[in-house]
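Have a look at the structure below before the remarks.
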There are 2 protein chains.
Amino acid sequence: MARGSTRPTSRDVAQAAGVSQAAVSLVLGDKWRGRVSEATAQRVREAARDLGYRPNLAARNLRLGRTRTVLLVVPALTTEFFAGVYTGATRVAAEHGFGVVLYPSPEGIGPAPDPFASAQAALDGVIASSMAADALTAIRGEALPLVMLDSDPSGSLGAATVNLDIADGVRQAAEHLLSLGHRRFLHLAADVPSWTFEVRARELAARLAEVPGTSVRTARSPISIEGAVTAAETALSQPGPRPTAVICDDDQLAAGTYKAARRLGLRVPDDLSVTGLDDLALATAIDPELTTVRLDAELFGERGMRALLAVLEGREPESGDIPVRLVVRGSTAPPGLP
Amino acid sequence: MARGSTRPTSRDVAQAAGVSQAAVSLVLGDKWRGRVSEATAQRVREAARDLGYRPNLAARNLRLGRTRTVLLVVPALTTEFFAGVYTGATRVAAEHGFGVVLYPSPEGIGPAPDPFASAQAALDGVIASSMAADALTAIRGEALPLVMLDSDPSGSLGAATVNLDIADGVRQAAEHLLSLGHRRFLHLAADVPSWTFEVRARELAARLAEVPGTSVRTARSPISIEGAVTAAETALSQPGPRPTAVICDDDQLAAGTYKAARRLGLRVPDDLSVTGLDDLALATAIDPELTTVRLDAELFGERGMRALLAVLEGREPESGDIPVRLVVRGSTAPPGLP
DNA sequence: CGCCCTAGGTTTTACGTATAACGTCGAGTT
DNA sequence: AACTCGACGTTATACGTAAAACCTAGGGCG
């Protein structure tokens, strides 16, 4: 029995089982085949259970020189999207005996924060969203195995990337609206410098350029419902023929667009079609339910974690973007008469 | 210089600065007053900077027997509420050199999961929401310093508790609706066994019992918009006089109630007043904007972390519930004529 | 002069684990 | 009979850090 109230160590277990500490380590580490008899192994396991032994992670990490812990760097957790990414990553991590520590990049602008000071754990690797740009420089400096989420594959300097096929999602949304007959668009874009938003703009412009007679305005908004209300209201009040469809960079912007439309006396979808991107719970909470591009956040997190595990084991990460798909609901309809 | 590609250790720094490893530890640990000359300390700091030295956390944790890491146990992160709690806790933790590891209790029912297997880090303490009930037994077994969030103060067996003043919030909502003239209520309750929801039911019943001529139905729903739609639709379709006001245990349930009302052809607030609880972003995204009880999630997390730090330092945690307040918006109005 | 004290360090140790290197003993081989 | 070899362990060591215990030289003091 351990003296006093300190947690039992492997040495305590050894003493209880009448063996050496090394034998305990072998048995509990499942490395005892041909080194320890079945009977002894059983005694050790029982002693460990009786004492409530748990290995000291700090000691193990020090000995092994790795921690089986990875850092997940995300922008602030204001929506369930990154919560989903975290959930997916954690699930895969747990299957491989890994833990995940979160580093939500502070939203406000300030002194560049240090993800590694915040994460007390020593780390084996990092998964980082390209949206958490301010934290990236510090990460690069550490030379840790790195997987980037939604980042420019050609600009990632060798880091593995795992991406959603956002370009295809934007194409599907554009196609849907075009086939309904829309020709005048507003692109409500996120005012955040990240590859994933650049893709949206580029792809939309490319697709619409192929269709004669289309026009597209662009408005920028911070990623929040309230911010989007102002941006959308301003953009929709501009002189000239009003857009009949608004393509939003994410669902929150779409929700803001609903509110702007109400203020302007426009009905969705009769006067204005709106599409989003993410498919948050929000998308079906608002009325009418939002036509949006569904992103599988958990799968995204899983793929990110799998890629990092591959890197850590020296394997080649799985390649190929994660497919997305448009979910058509009540916020899109043919345009009214001009 | 460190050989090969391994990270530099304090010994490498010592060699570079021409001192012993102990001197490095003293200087970098800020314990050198009167033990090392200012000039030497300066040399050590420069060497550390030049080599990009970072202390090995595993070694430090092993040596010190503590990790400056705490576990935050929450129900699944499906809304921004617990993201806020996490943010607040992390902020305070960082100010004190602590890290926070998250353990989101899996939603599905299954084999009782082990928070400590998931959290690779060794832990100094735990903050746990009473909503993550399934994880609590494992936590108790570890005999770690523990702070409970929104938990029965009399039933916590000595663990410190930090609570929101939910009872007062419910009272404010009830008062508001009573003063508008409502007498027939529906309480849409969360179908989750947790003290925080018991309080809502108890307080509402207590307040309404004081007002003659009031009646209250109760319906139970899982905490999700979709679940609430069904529950609310069923409850509002019961025979007998229809409730004129619905008090919901949280904002998601309120959003579901909006959808149920639409299906039944009821307008909010003209035919049905609705109140929520949380004040999520969702509350202002839906139309009309939701009258709800605002909970300060970040402050909640901050107070939780402060309480745990107090426990760790043998101090008495700050007491007193965190105040909440009703935010009146467009979802409540006087009842129409019967 | 002998002594202690202080500044400015160094040497040593312990934290708990995983594992490489090293015994030991009996049975089987030659 | 000497040797080998496998089964079953044990002993010893290293991981990187913090800090207790120890050392040394010079100056002040009685």
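By convention in this document, chain letters (A, B, ...) are assigned in the order of the sequence lines, proteins followed by strands, and residues within each chain are numbered from 1.
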> Dot-bracket for DNA chain C, 5' to 3', counting Watson-Crick or G-U wobble pairs under 3.5 Å, with [ ] for crossing pairs and | for inter-strand pairs?
Replying inline: ||||||||||||||||||||||||||||||
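- Side-chain contact of A:Thr87 with A:Thr90: a donor-acceptor pair under 3.5 Å is absent, judged by distance alone.
- Contact check of residues 21-31 of chain A against DNA chain C (heavy atom, cut-off under 4.0 Å) returns A:Gln21, A:Ala22, A:Ser25, A:Lys31.
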> Could you go step by step and tell me if A:Glu313 and A:Arg66 meet the salt bridge (charged side-chain N to carboxylate O under 4.0 Å, His left out) rule?
Replying inline: CA-CA 13 Å; A:Glu313 293 167 13; A:Arg66 66 200 155 80; over 6 Å; no
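- Counting only heavy atoms from C-beta on, A:Asn56 has its side chain closest to C:dG16 among D:dT10, C:dG16, C:dT10.
- In this structure, B:Ser37 reaches the sugar-phosphate backbone alone: every heavy-atom distance under 4.0 Å involves primed, P, OP1 or OP2 atoms, never a base.
- Partners of B:Arg11 according to the salt bridge (Lys or Arg N to Asp or Glu O under 4.0 Å) rule, which considers only residues two or more places apart in sequence or in another chain, do not exist here.
- In this structure, B:Arg7 atom CZ and D:dC15 atom P are separated by 15 Å, rounded to whole Å.
- For residues 15-24 of chain A, no pair satisfies salt bridge (Lys or Arg N to Asp or Glu O under 4.0 Å), with sequence neighbours left out.
- Here D:dG16 presents its C1' atom at 17 Å from CZ of A:Arg66, a figure rounded to the nearest Å.
- Going from atom CZ of A:Arg11 over to atom C1' of D:dA12 covers 11 Å, rounded to whole Å.
- Residues A:Met131 and A:Ser194 approach most closely at CG-OG, 3.5 Å, considering heavy atoms.
- The CG atom of A:Asp12 sits 13 Å away from the C1' atom of C:dC15 (whole-angstrom rounding).
- In terms of heavy-atom proximity, B:Pro104 sits nearest to A:Tyr86 at CG-CE2, 3.4 Å.
- Judged purely by distance below 3.5 Å, without hydrogens or angles, the side chains of B:Thr67 and B:Asp124 pair a donor atom with an acceptor atom.
- Contact between A:Ser129 and A:Phe82 at its shortest, heavy atoms only, is OG-CZ, 3.7 Å.
- Electrostatic pairing of B:Glu302 and B:Arg306 counts as a salt bridge here, judged by a charged N lying under 4.0 Å from a carboxylate O.
- Note: CG (B:Asn61) to P (D:dC15) measures 18 Å, nearest angstrom.
- Across all strands shown, B:Leu62 has heavy atoms under 4.0 Å from base atoms, whether or not it also approaches the sugar-phosphate.
- Remark on DNA chain C: of its neighbouring residues B:Ala41 and A:Pro55, the 5'-side contact belongs to B:Ala41, judged by nearest-heavy-atom nucleotide.
- Here A:Ser20 reaches the OP1 or OP2 of D:dT10: one of its side-chain N or O atoms lies under 4.0 Å away.
- The shortest non-hydrogen separation linking A:Ala159 to A:Leu146 is CB-O, 3.9 Å.
- Rounding to whole angstrom units, CD of residue B:Gln15 and C1' of D:dG16 are separated by 15 Å.
- For the pair B:Leu64 CG and D:dG16 C1', the computed distance is 12 Å after rounding to whole Å.
- Of the candidates C:dG16, C:dT11, D:dT17, the closest approach to any side-chain atom of B:Tyr53 belongs to D:dT17.
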Check the interface with nucleotides 4-6 of chain C: list each N/O to N/O pair with the protein under 3.5 Å, or write none.
none

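- Under the 3.5 Å distance criterion, with hydrogens and angles disregarded, no donor-acceptor pair is assigned to the side chains of B:Asp150 and B:Ser130.
- At the heavy-atom level, A:Arg35 lies under 4.0 Å from base atoms of the strands shown.
- Computed from coordinates, the A:Trp32 CH2 to D:dC8 P distance equals 10 Å when rounded to whole Å.
- Checked against salt bridge (Lys or Arg N to Asp or Glu O under 4.0 Å), B:Arg43 has no partners two or more places apart in sequence or in another chain.
- Contact check, A:Ser10 against C:dT17: a side-chain N or O comes under 4.0 Å of OP1 or OP2.
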